[in-house]
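Just so it is clear: chains get the letters A, B, ... in the order the sequence lines come, proteins before strands, and each one is counted from 1.
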Amino acid sequence: MAKSKKIISKHLYYHLSRRNFIKGAAAGSVIVGAPAILKGLTRRAKAAEKGVVRMLFTAPTMIPGDWTRFEKDTGLKMEDTVIKDDPGIFLTEVQVNDAGDRFDMISTLSGTEQSLIDGGNILQMETSAMPNWSGMPASIQSMPYLVRDLSPSAGKVWGVPLAMNADSFGYLPKKLGEKRPPEEASWSLVFENEKTMGRSSTGDNYIYLWEALAYLKHTGQLAVKDILNPSPAEAKATADFLIKRKEAGQFRLFWKIFDDQVAVMKNGEVDAIRCWEPAVNEANKAGGDWVYATAKEFYLKWMHGIYITSQVEDRGNIDEVYTALNWFLSGGYASAITPLRGYLNGRPDLAVDYNNSNGLEDITTAMDAAQEKMALKFAKEDFWFSAVPENLQEMQAQMDRVLNA
Amino acid sequence: MTIENKTLARFRLPFWQRLTDWAPTGIGIIFGYSVLFILYFPIVMLMLLSFSGDPLTGIPGDWTITWYEDVIFADIAQRDGEAYGSNFRVGDPLLLSIMLAFITSILCVIAVLIVGPVLPRIKWRGPFLVGFLMPLMIPGIVGGVGLFMWYRLVIHVKMGIWSLVVAHFVWAFPFALLAMLVVASRFDTRLMEAAEDLGAKPWQRFWQIEMPILKPGIYAAGFFGFLLSFNELPFSIFMRAGQDTLPLYLWIQSGAHNTTVPLIYAMSTIITVGSIGLTFLAIKLAFGGGQNDVRQ
Amino acid sequence: MTTNVYTYRKPAGLRDYLPRLPAGVWSLSGFSLLWFGGIVLPLLAIIVVSFLQGRGLNINFDPTFLQYERFFSYGGGEMLARSVRIAGTVTIVELLLAFPFALWLAKGCKNNTVKLLTFTALTVPFFLSPAARVIVWRSVFGINGAVNQVLLGTGIVDEPVLWLIFSEFAVHFGFIGAFFPTMVWPIFLSVSLIDNDFLEASGDLGASRLRTLLHIILPLALPGIVAGFVFTFIPMLGDAVVASHMGGNNVLMLAAQVQSLIGVSNFLVAAALAAVVLAIMLAFQVLLWFALKPVGGLAGVFASLRR
């Protein structure tokens with residue numbers, strides 16, 4: 001017994017010397033890590049402050065540069081956070097990681113709200129608490145895919161618009177011998193055209209499969225029952241079409257991000273490309289001849305909505321949240337975001353007055369142009385994009401099949 | 001035989017044999033520095049482009065420092081109260097990434113000190129090794145989701161900085177362990193016996209025999225722990241919960257409808273310049289100018 | 001305290017395998033418990049998940065092969081074969097390029113400054129975002145890029161070469177530079193541990209350099225080569241950047257596929273994919289085990305080199 005005790009103590013001793021080293025290392029890690037930990041703590045403490053609203057974005061582009069206008073107009077402070085807009089990642093952040101504990105408002109691509117409502121993650125809204133709501137054009141208040149949940153006519157408002165736009169594609173009119181906008185151009189330039197063979201491009205996820213599907217519908221190549229909710233069979237037929245085009249050598253690449261679009265436009269890799277509107281401006285900065293098409297067949301219309309997280313009810317800062325929401329429906333946001341990105345919020349009509357009464361620059365021309373363009377786009381047959389269509393996984397899988405071909 | 005004699009002996013050989021003698025060295029140098037050229041060409045180009053007016057074309061020129069202003073001053077984000085296009089606020093994520101890399105590095109050193117010297121000597125080392133290398137065999141983002149589902153949905157703990165540390169450790173540890181095993185597998189246990197026979201105390205044996213021999217492995221483990229953590233993205237995606245590391249931040253920014261490449265170039269240039277100095281110092285300290293002191 | 005612990009032996013048990021490091025056993029057991037319980041178990045649970053049904057994170061316990069059927073019907077098999085082929089090819093090329101270089105760095109290079117600078121050069125790229133490391137090649141290899149300008153200017157080709165970018169060639173090329181350091185480091189580490197006396201003795205005994213390389217250096221550097229293979233192959237399979245930026249998504253690889261599945265909450269098919277990858281990796285291990293059987297398998301490679 002005595003012997004074994006000694007052995008243990010000796011083992012322990014040996015062990016301890018090793019452990020001492022480890023302890024030192026651990027202490028070192030705490031010292032090194034302390035600032036980060038402290039910072040995390042203070043940030044959390046600050047977040048609980050009165051007069052601060054916290055909002056989650058899924059697109060960095062929606063943030064109007066800085067929040068000075070917001071702070072001046074509302075007397076509140078804004079803490080913004082951005083995460084990736086993939087629906088899977090957004091929904092996990094909200095539904096499993098309890099984003100509501102950390103945010104008063106969440107915003108993302110519309111179409112996600114049904115999942116948020118089903119999950120009990122967001123609150124129903126009082127439109128009367130937002131003075132700017134009632135002045136919104138009826139066309140915005142009753143957006144086709146929002147009718148179910150957002151429109152007042154259904155009695156339930158769950159979100160307000162943050163910003164919206166309608167997407168088409170860019171092309172080089174002179175090189176392709178096509179007319180310039182406002183004359184119409186066909187999506188065939190992107191999907192099936194000898195002139196753009198090997199020199200066209202589209203994106204790499206389900207959104208762009210959806211557009212090809214809309215194209216097939218409009219050109220009568222595919223009977224589509226509900227364009228807002230394509231069936232798996234329709235998605236498969238579209239993928240077959242895209243694979244045929246890919247094998248014929250139509251596409252130069254399938255881009256992933258904004259910078260991909262701009263780079264191939266600037267470097268002369270493509271003549272027609274399904275791209276985001278700001279990409280055309282960016283590509284033309286170096287003297288390009290790119291135009292953003294007035295689409296013949298359809299536009300992909302999208303909107304980012306803002307929703308109140310359920311946890312706000314317990315935090316009791318609902319009034320501050322409504323003040324913030326009302327600001328996103330005001331000229332303050334409109335006058336910042338429209339000249340910056342070309343997007344419209346719920347009340348673009350207030351932007352000019354806002355700038356004039358605040359002694360800021362006159363943006364009448366920019367606002368008029370943006371609204372005129374939007375009216376033209378919204379006049380096209382409706383194709384409202386929803387981030388979470390019923391067969392989302394099937395659509396993405398079919399797009400993967402295209403990329404794998 | 002002294003070096004001089006060997007060199008002389010070599011010169012007495014016929015020319016072609018001398019050539020085959022030198023060829024391997026030449027091949028090594030040519031291969032190595034060619035690939036380093038391939039590796040560094042884009043980095044030098046991006047440094048030039050970060051000072052260029054239009055980086056996306058890939059042609060340097062039209063020199064400017066505006067991207068640096070955007071990266072460094074984005075936190076202030078105000079130019080005469082105007083709405084200002086850049087929201088590129090990279091300071092906090094960079095700081096978090098550095099901290100995480102330090103913590104991961106130290107955890108890796110501790111873990112490989114526990115596992116490395118013992119693993120080559122136990123009977124069931126095969127299954128143990130497979131278990132320790134497990135994270136390598138599963139795609140990172142799925143591994144991240146797996147851990148996330150387990151901890152969040154099964155055990156019901158919330159994600160935070162702790163889970164990021166776990167994620168980075170899980171990713172870096174197998175590599176650190178392999179680096180350590182390269183060294184530890186050659187560790188001669190008879191040295192410890194001999195030391196003990198000569199009356200060395202346990203701590204003496206640890207500090208004076210085990211540590212110096214394992215030193216390259218320890219440095220390598222710490223080194224890889226740091227580097228792998230610094231650029232870790234896939235595991236972090238689901239283990240983050242409100243925390244942004246640098247790779248996460250850049251990944252999120254890539255979803256922007258405005259150009260971020262010039263800012264990434266400028267930031268990468270800053271990081272390159274900063275890391276050159278630090279790396280140089282770290283390597284000088286760690287490897288003592290490249291001489292290994294593991295002569296046994 | 002003068003008793004020699006090592007003269008005392010328990011009749012039988014674990015300690016027989018661990019004659020010298022008793023304290024190490026306890027730390028190893030503790031760590032292993034944490035690791036296997038906290039990490040390996042959840043990771044293995046992914047395999048269970050891959051046989052279930054559901055939508056998003058609402059999963060029913062209803063066993064099925066559906067997810068595997070789906071995965072393969074979406075071109076998953078081709079994607080996996082392509083990923084392994086590309087990553088495997090590049091890893092072997094890296095090995096051929098890195099081994100002579102690591103050898104020279106460890107044994108041939110006598111200039112400490114050159115060594116230090118080379119190490120630094122091999123390390124700094126780790127700090128850069130993977131995208132930043134390859135993006136520039138797009139404009140160099142592009143239709144109007146420098147390479148095509150030169151080829152057209154010298155009259156080697158009449159039309160711009162299109163396969164330089166957004167192609168498999170581009171993906172291979174993008175990987176070569178980016179994953180070179182991860183191959184050099186472990187090989188360097190193992191070679192530098194080889195005692196110079198061995199090499200000199202071999203030379204003094206009349207062995208040619210080739211013989212010394214094959215019979216002394218290669219076996220002793222084997223752990224480094226195996227580690228280098230793992231360090232390079234695995235992160236390359238997990239790289240989503242090169243295939244996207246250099247391959248223009250015409251060449252879909254593993255990591256991008258996984259991101260796309262996760263992006264639309266398709267966790268179940270992603271789990272099936274992970275299970276397939278795990279199976280492939282284990283198959284590789286078995287292959288490796290057979291290949292290394294003369295030296296006692298993967299673990300044996302490390303263990304047998306004790307002197």
Proximity breakdown for C/Ile135 and chain A, heavy-atom pairs closer than 4.5 Å: neither
Per-residue contact mode, C/Ser260 against chain A (heavy atom under 4.5 angstrom): both
Measuring from atom CZ of C/Arg138 to atom CG of A/Asp259, what distance do you get when rounded to the nearest 0.5 angstrom? 7.5 Å
Do we see a donor-acceptor contact under 3.5 Å between the side chains of C/Tyr74 and A/Glu394? yes
With a 3.5 Å distance limit and no angle check, can you tell me whether C/Asn249 reaches the backbone of A/Phe254 through a side-chain donor-acceptor pair? yes
For the residue pair C/Arg82 and A/Asn404, confirm or rule out a side-chain donor-acceptor distance under 3.5 Å. yes
Can A/Gln396 and C/Asn266 be counted as having a side-chain donor-acceptor contact under 3.5 angstrom? no
Atom group of A/Val264 that falls short of 4.5 Å from chain C, counting heavy atoms: side chain
Can you tell me how far apart CD (A/Glu269) and CG (C/Asn144) are? Round to the nearest 0.5 Å. 7.0 Å
So with a 6.0 Å cut-off around CD of C/Glu168, is the heavy-atom count from everything else above 12? yes
Which one of A/Ser115, A/Pro87, A/Ala387 has the most heavy-atom pairs closer than 4.5 Å to chain C? A/Pro87
Between A/Asp400 and C/Gln257 (side chain of the first, backbone of the second, donor and acceptor by atom type, cut-off under 3.5 Å), is there such a pair? no
Which answer fits A/Lys246, side chain, backbone, both or neither, if we ask what part of it has an atom under 4.5 Å from a heavy atom of chain C? side chain
For side-chain contact (heavy atoms from CB on, under 4.5 Å), just list the numbers for A/Arg252 and C/Leu162, CA-CA rounded to whole Å, side-chain angles, deciding distance to a tenth of an Å, and then say yes or no. CA-CA 9 Å; A/Arg252 182 81 172 114; C/Leu162 291 177; 3.9 Å; yes
Rounding to 0.5 Å, atoms CG (A/Asp86) and CD1 (C/Ile262) come to a distance of 10.0 Å
Honestly, the part of A/Phe90 sitting under 4.5 Å from a heavy atom of chain C is neither
With chain C, the option among A/Asp260, A/Val388, A/Ile89 that has the most non-hydrogen atom pairs under 4.5 Å is A/Asp260
Counting heavy-atom pairs under 4.5 Å with chain A, the top scorer among C/Ile165, C/Val251, C/Leu261, C/Val269 is C/Ile165
Got a second to check how far A/Arg401's CZ is from C/Glu78's CD, nearest 0.5 Å? 10.0 Å
What part of A/Ala397 gets within 4.5 angstrom of chain C, counting heavy atoms only: side chain, backbone, both, or neither? both
Proximity breakdown for C/Ser167 and chain A, heavy-atom pairs closer than 4.5 Å: neither
Interface residue of largest heavy-atom contact number with chain A, from C/Gly247, C/Gly145, C/Ala256, C/Gly75, under 4.5 Å: C/Gly75
Please check if the side chain of A/Gln393 supplies one atom and the backbone of C/Ser265 the other of a donor-acceptor pair under 3.5 Å. yes
Of the backbone (N, CA, C, O) and the side chain (C-beta and beyond), which part of A/Asn205 lies under 4.5 Å from a heavy atom of chain C, both, or neither? neither
